[in-house]
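Naming convention: chains lettered A, B, ... in sequence-line order (proteins, then strands); numbering from 1 in each chain. For the numbers below, each heavy atom of this structure counts, side chains included, while hydrogens, waters and symmetry mates do not.
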Amino acid sequence: MPLTMTTKRRLVTAALLAPASAWLFVFLVLPFIAMVVFSVGERGPAGGYQAAFTFAQYANLPARSAAYWNTLMLAPAGAFLCLLVAYPTAYYLAVKASPRHRLLLVSLVVVPFWTSLLVRTYAWMYILGSRGIPNLLDMIGIADVRLLNTPGAVLLGIVYGYLPLMIMPIYVSLEKLDRRLLEASADLGAKPLSTFFSVTLPLSLPGVMTGVALVTILLLGEYLIPQLLGGGKVFFIGNALVDLFLQSRNWPFGSAIAVTLVAIVVVVLMVAMRIAWRISGTRQVDLV
Amino acid sequence: MRALITAVYLFLYAPIALVVLFSFNAGRNASEFTGFSVEWYGKALANPFLITALQNSLIIALVSATLAAVFGTMAALGLERLGSRARAVFDGLLAAAIVVPGVVIGIATLVALVAVFGAINPAIAAIWPGERPPQLGLGYGSIIAAHGLFTMALVTMIVKARIATLGRDIVEASADLYATPLTTFRDIVLPQILPSVLAGFLLAFTFSFDDFIVAFFVAGSKTTLPIYVFASIRRGVTPEVNAIATMVLVASLLLILIARLLMREKTRKSPAGE
């Protein structure tokens, strides 16, 4: 029996989607279910997992409240600092920079994002460490300055690591801005500053929103920056998770924390989308 | 304004430059540049642990990026042919694969695989005729699977965006001229999406090559380059670490530059813009 056109079409569609679907199911959906199951289990006598149905792990979450506190304070604070540096930069790139150099300048902003975060963070360990800036300060008579392993160092690392990701969406929204609006505003007698606040800034808000949401969400799961620049003193949820899974081997408790982390990410994402819809239609972000 | 921008670029590049500079330092002292030398590169490259880690990273990045590029492109092509409801479910899963933090992906994969291996290994042992039954465990496979999850979603997004800019009319014209769907795909669609697929592959490769946190959980006894670098940093900052870091930087820099060139080629060729 020859296949009809529609059956054949469906078969091809199914074949095209089969590998990706299988991958998503086996390595995303199933692991997530396994994690939820582990989170209501008990810790085995030698670590690891023992089957159970209990919410004891969730009741125990306050034991790691410092990690939640640090993450929920420093991730938004870091994103905000990032924004303070990123906005003027994006504005310059989109509005002031000469078109001849624009592409190169934008590339120079994006490229660091795709190089190893580990190496880039390590560079700051080097600069802030005892043989870096404190050493130089020591030479001019300011002794015993400690920069590494402080919340400030972590924030600096965050701004450094995520600046490109914040600049890009803002740049995209500013670049799409209709120049005639700015001219119209000037023609109607608005001063440059008032044009900026009543035209440019509101129209770039979707980009700002995307950048803040992206950076905040990535920061919620951050491990390397607090690990290398916070040195165990300023730790995030990610650091608690590494400790629970790879050092103290309390998998059920770790799973419960991981589940709450996903829940936090989902809430932040939903709030961001809600705000984005209110500001305007959604915009695609150019990550590359 | 100018001064601020200069400061931003300095901020972005000075720390990297410093690491590169000190990788050529002749002395062991990390705060004083005593002379130019490539000695530390020699030391690093003669280190068998580093070479093994590098090989592991290359194999994992190559395999996971290839799978991601092929499956991701297939998915992007298939999604277009899907009904709106099924497409929404698929898009949601792809978004989840991208948004869920790497640390959670690592944990979830670890937990699930350990549970599966715990069930399968005794079963294999029970039916294995020989003396030493094979044991499934963490390693290449688990890292490739976990990296491929994120990068496949990434490739799908990139290729999907490219397909959205293709005019349907050219595909229909091809069909009207009696080209079979396969011919149309090979001669019309594929050449137009190929730069995006390649760019997606390179980004996937770069991600896998640079990823630390996902691999940290699911690597088992295997060591990837970032895991090796992380362990070295914890042992102490030495010029050798700087040399390794510089090599990692140069490798990912090259990859991202090629990817960007490919993406630019794509935008230049299509008059429709992005």
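In terms of heavy-atom pairs under 4.5 angstrom with chain B, the leader among V259(A), L117(A), V109(A) is V109(A). Taking V99(B), T206(B), V70(B), L4(B) one by one and counting their heavy-atom pairs under 4.5 Å with chain A, the maximum is reached by V99(B). Interface check for chain A: of the options P226(B), S252(B), P101(B), A108(B), the most heavy-atom pairs under 4.5 Å are formed by A108(B). The candidate from V36(A), V85(A), V159(A), L105(A) with the greatest count of non-hydrogen atom pairs under 4.5 Å with chain B is L105(A). Looking only at heavy-atom pairs under 4.5 Å with chain A, the residue among T156(B), L67(B), L113(B) that has the most is L67(B). Among E80(B), M74(B), M157(B), the residue making the largest number of heavy-atom pairs under 4.5 Å with chain A is M74(B). The choice from Y160(A), F38(A), F245(A) that makes the most heavy-atom pairs within less than 4.5 Å of chain B is Y160(A). Comparing L218(A), L103(A), L30(A), I33(A) by how many heavy-atom pairs each has under 4.5 Å with chain B, the most go to L103(A). By number of non-hydrogen pairs under 4.5 angstrom with chain B, the leading residue of V266(A), I217(A), T115(A), I167(A) is T115(A). For chain A, the option among Y9(B), F71(B), F216(B), F207(B) with the highest count of heavy-atom pairs below 4.5 Å is Y9(B). Chosen from V114(B), I107(B), T73(B), the residue pairing most often with chain A at heavy-atom distances under 4.5 Å is I107(B). Ranking G221(A), P31(A), A34(A) against chain B, the residue ahead of the rest is P31(A), based on heavy-atom pairs under 4.5 Å.
Proximity to chain B (any heavy atom under 4.5 Å) is restricted, for L269(A), to the side chain, taken from C-beta onward. Using a 4.5 Å cut-off between heavy atoms, Y223(A) touches chain B through its side chain atoms alone. With a threshold of 4.5 angstrom between heavy atoms, L224(A) approaches chain B through side-chain atoms but not through N, CA, C or O. The parts of V242(A) that come within reach of chain B are both its backbone and its side chain, each placing non-hydrogen atoms under 4.5 angstrom from that chain. Using a 4.5 Å cut-off between heavy atoms, L93(A) touches chain B through its side chain atoms alone. Of the two parts of L255(B), neither the backbone nor the side chain holds a non-hydrogen atom closer than 4.5 Å to a non-hydrogen atom of chain A. For chain A, no part of I244(B) is nearby; none of its heavy atoms comes within less than 4.5 Å.
In this structure, the side chains of Y122(A) and V229(B) stay at 4.5 Å or more apart for every pair of heavy atoms. Looking only at side-chain heavy atoms (C-beta outward), V119(A) and I16(B) stay at 4.5 Å or farther from each other. A 4.5 Å side-chain heavy-atom check between F212(B) and S116(A) finds every atom pair outside the cut-off. With a 4.5 Å cut-off on side-chain heavy atoms, V100(B) and F32(A) do not count as touching. Counting heavy atoms from C-beta outward, V111(A) and L12(B) have side chains that stay 4.5 Å or more apart. At a threshold of 4.5 Å between non-hydrogen side-chain atoms, the residues T13(A) and L79(B) do not count as touching. You'll find the side chain of V104(B) reaches within 4.5 Å of the side chain of M35(A), heavy atoms only. Counting heavy atoms from C-beta outward, W114(A) and D210(B) have side chains that stay 4.5 Å or more apart.
Here the OG1-OH distance, from T6(B) to Y92(A), works out to 7.5 Å after rounding to the nearest 0.5 Å. L246(A) contributes atom CG, which lies 5.0 Å from atom CZ of F217(B) (distance to the nearest 0.5 angstrom). The distance from the CD atom of E222(A) to the CD1 atom of I213(B) is 8.5 Å, given to the nearest 0.5 Å. Within the model, atoms CZ of R234(B) and CD of Q227(A) stand 5.0 Å from one another, a figure rounded to the nearest 0.5 Å.
Looking at every heavy atom in both residues, Y13(B) comes nearest to L108(A) through OH-O, 2.6 Å. In terms of heavy-atom proximity, V19(B) sits nearest to A123(A) at CG2-CB, 3.5 Å. Contact detail for S255(A) and V111(B): the closest heavy-atom pair is OG-CG2, 4.2 Å. Of all the heavy atoms in R9(A) and R81(B), the pair that sits closest is O-NH2, 3.3 Å.
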Sequence neighbours left out, cut at 3.5 Å: what donor-acceptor pairs do the side chains of residues 15-28 of chain A make with other protein atoms?
residue : atom : partner : partner atom : Å
S21(A)  : OG   : L17(A)  : O            : 2.6
W23(A)  : NE1  : A145(B) : O            : 3.0

query = Taking it one step at a time, do F22(B) and Y126(A) satisfy ring-ring contact (aromatic ring centres under 6.0 Å, His included)?
reply = CA-CA 10 Å; F22(B) 273 90; Y126(A) 203 74; 5.7 Å; yes

